[in-house]
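All residue numbers in this chain count up from 1 along the given sequence.
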Amino acid sequence: MKQAHKFYIGGDWVDPTLLSTREIIDPSTEQPIGTIAMGSAADAHKAIAAARSAFASFSQTTKEERLALLKRILSILKRRNDEIADVISREMGAPLAMARAEQAALGAIHFEQTIKACETFAFEYMQGSTRILHEPIGVVAMITPWNWPINQIACKVAPALATGCTMVLKPSEIAPFNAIVFAEIMDEAGVPAGVFNLVHGDGPTVGTILASHPDVDMVSFTGSTRAGIAVAQAAAPTVKRVHQELGGKSPNIILRSADFAAAVSAGVRRCFGNSGQSCNAPTRMLIPAERMEEASSIAANEAAMLVVGSPSDPRTNLGPVASAAQFEKIQTLIAAGIAEGAELVTGGLGRPSHLNTGYYVRPTIFARVTNSMTIAREEIFGPVLSIVGYQSEDEAVAIANDTPYGLAAYIQGDPLEARSVACRLRAGTVRLNQSPWDGAAPFGGYKQSGNGREYGKFGLHEFTEIKGIVGFAE
């Protein structure tokens, strides 16, 4: 990639202040596929200054001008979809078909939803004699993860542009090449100089500068709860807005009224999607205790049908996890599940037997898990499912809520019963009966899963300040 050793700052591809590089590893082969430049504090300062300078003019553009810009970006995103998918597949291991249909495609969907929301969003309106204005919050620092990279970039950049903000993006250094393609798209679409800036780097260096800098008005962060706490602490002295989408340990309650076999099978696949590397994955399956044996058998059969292998193989369902560190973390947590007495139904430690290289994890299912076990408490971020039994609906709700997280929850069963249970769960998103993903629904968490909401009109609200001009009509 020709821009891998440059940053996109002030509308140009520029050299870093001091060239320091990092190898990017293909997780399917454990071999390097290239290097990127890693930014310094000086590079972060340059990007923030460019965004601050551009804010004065971009914040005054009309909604129509910003909509036209969003539509140009959307058109190019769709044209380069397969290229983005190919890059994502190589750098973080997503199966190629899934990378094209989901990983890359979600970027375009977020722009489509933002355009739709912006078209009807009232940036100004009267409330009695007071004029209410939703104004751009200012310069936004965006720190995004490796697991759904373009998805998380797009759901931040699109609403920031729509509301008139300027921004500095620091993507994950584990999967950074897709962000370079995205910056090329922004440049081709004619985003004004300084409105969008890209600097690679690690959290302690570039991330800390972005979070703490007084000229940054907001930090939008997606990642682990641990890193989110560090971002909030760095941001606190400047009292800027901190939007966080953090970890999860989402329950999947299968009610007695559910089609049991279908619900268990679908729950396994949803948990293992993206090799389990989704913050909202339903990793705790809650089932009636008397059906534990049946659930274990159904889940094991479903896992056995999943193909773990090369991302380029069209038969592959699960690729590798994204890094050596992630692989080792998952192995440690699988070992903890075994040591603490959970029943290992299938999978376990090590790679699948047919693979001798790459960060591949065996699809692993534990049964008879109690909610006090490590595998039921900690976010594993891999293809590991815990099956937990409950005696009553009240107990199921109590187990589901017994977690420091609250990003998502899932319920299978009679629709009226499922709706009632949904209202009792402490989670930002509840999905009923295998409902499809909704790119306009609010996305974000309760408790230690973060604060604020993304997607559609909810994302627009996050990037605005509210001003009241009292006596406007007098």
Side-chain angles (χ1 to χ4, degrees), residues 1-4 23-34 36 74 76-112 144-155 171-185 268-281 302-324 326-327 330 351-352 354-363 381-383 436-437 439:
M1 230 177 224
K2 65 180 181 179
Q3 311 296 3
E23 276 191 334
I24 307 305
I25 304 298
D26 180 337
S28 69
T29 64
E30 302 182 47
Q31 297 301 310
I33 54 174
I36 58 163
L74 174 60
I76 304 168
L77 270 172
K78 288 182 174 180
R79 169 162 51 84
R80 298 187 71 175
N81 182 85
D82 287 358
E83 179 186 353
I84 294 169
D86 292 350
V87 169
I88 291 173
S89 181
R90 288 201 69 197
E91 64 187 350
M92 61 78 62
L96 187 55
M98 178 264 194
R100 289 175 177 170
E102 298 179 49
Q103 285 276 5
L106 287 178
I109 291 173
H110 281 303
F111 272 84
E112 289 173 341
T144 58
W146 48 260
N147 61 319
W148 288 91
I150 284 292
N151 172 74
Q152 291 299 333
I153 291 171
C155 75
S172 168
E173 63 273 29
I174 293 173
F177 292 139
N178 68 90
I180 296 173
V181 178
F182 186 85
E184 292 173 354
I185 290 169
V268 170
R269 285 188 173 267
R270 182 160 277 177
C271 175
F272 290 170
N274 202 37
S275 296
Q277 299 170 121
S278 298
C279 49
N280 60 346
E302 192 65 33
M305 290 188 286
L306 297 173
V307 177
V308 181
S310 170
S312 62
D313 187 334
R315 299 169 298 175
T316 294
N317 302 118
L318 276 65
V321 296
S323 68
Q326 191 61 26
F327 178 85
I330 296 165
R351 296 184 183 91
H354 65 287
L355 296 164
N356 57 18
T357 191
Y359 307 131
Y360 294 97
V361 176
R362 299 170 69 189
F381 231 58
W437 178 76

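Checked against salt bridge (Lys or Arg N to Asp or Glu O under 4.0 Å), R351 has the following partners two or more places apart in sequence or in another chain: E30. Considering only residues two or more places apart in sequence or on other chains, R270 meets the salt bridge (Lys or Arg N to Asp or Glu O under 4.0 Å) condition with none of them. Residues passing the salt bridge (Lys or Arg N to Asp or Glu O under 4.0 Å) test with D26, sequence neighbours excluded: none.
Put simply, the side chain of Y360 does not reach to within 4.5 Å of the side chain of L318, judged on heavy atoms. Under the 4.5 Å side-chain criterion, counting only non-hydrogen atoms from C-beta, I150 is not in contact with L106. No side-chain heavy atom of V308 sits under 4.5 Å from any side-chain heavy atom of N317. Q31 places none of its side-chain heavy atoms less than 4.5 Å from the side chain of E23. With a 4.5 Å cut-off on side-chain heavy atoms, T316 and P311 do not count as touching. Taking 4.5 Å as the limit, every side-chain heavy atom of T357 sits out of range of all side-chain heavy atoms of T29.
One distance of note links CG of D86 with CZ of R80; it measures 11.5 Å at 0.5 Å rounding. Atom CG of L96 sits about 8.0 Å away from atom CG of D82, to the nearest 0.5 Å. Expressed to the nearest 0.5 Å, how far CD1 of I180 lies from CD1 of I84 amounts to 12.5 Å. A distance of 12.0 Å separates CD in E91 from CD1 in I25, rounded to the nearest 0.5 Å. Distance CZ/F111 to SG/C155: 10.0 Å, rounded to 0.5 Å. Interatomic distance, M92 CE to Q103 CD, rounded to the nearest 0.5 Å: 5.0 Å.
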Decide yes or no on side-chain contact (heavy atoms from CB on, under 4.5 Å) for I330 and V321, but give the supporting numbers first.
CA-CA 9 Å; I330 296 165; V321 296; 3.7 Å; yes

Check the pair F177 / R90 against side-chain contact (heavy atoms from CB on, under 4.5 Å), numbers first and verdict last.
CA-CA 10 Å; F177 292 139; R90 288 201 69 197; over 6 Å; no

Tell me, with the steps shown, if K78 and E112 meet salt bridge (Lys or Arg N to Asp or Glu O under 4.0 Å).
CA-CA 11 Å; K78 288 182 174 180; E112 289 173 341; 2.8 Å; yes

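Shown here for A303 and F272, the closest heavy-atom pair between the two residues is CB-CE1, 4.2 Å. P320 and G93 get closest at one heavy-atom pair: CD-O, 3.4 Å. Of all the heavy atoms in A322 and P27, the pair that sits closest is O-CB, 3.6 Å. What you find for S278 and G273 is that their closest heavy atoms are OG-O, 4.2 Å. Across N178 and V87, no two heavy atoms sit closer than the pair N-CG1, 3.5 Å. Here the closest heavy-atom approach between residue P95 and residue G319 is recorded as CG-N, 3.8 Å.
Ring pair W437/H110 is perpendicular by interplanar angle, where above 60° counts as perpendicular and below 30° as parallel. Under the 30°/60° scheme for interplanar angles, the aromatic rings of F381 and W146 are found to stand perpendicular.
Not one N or O on the side chain of T144 forms a donor-acceptor pair closer than 3.5 Å with the backbone of I153. Formation of a donor-acceptor pair under 3.5 Å by the S275 side chain with backbone atoms of Q277 is not found in this model.
Remark: R100 does not engage E83 in a salt bridge, criterion side-chain N to carboxylate O under 4.0 Å.
Judged by distance alone, the side chains of N274 and E102 never bring a donor and an acceptor atom under 3.5 Å apart.
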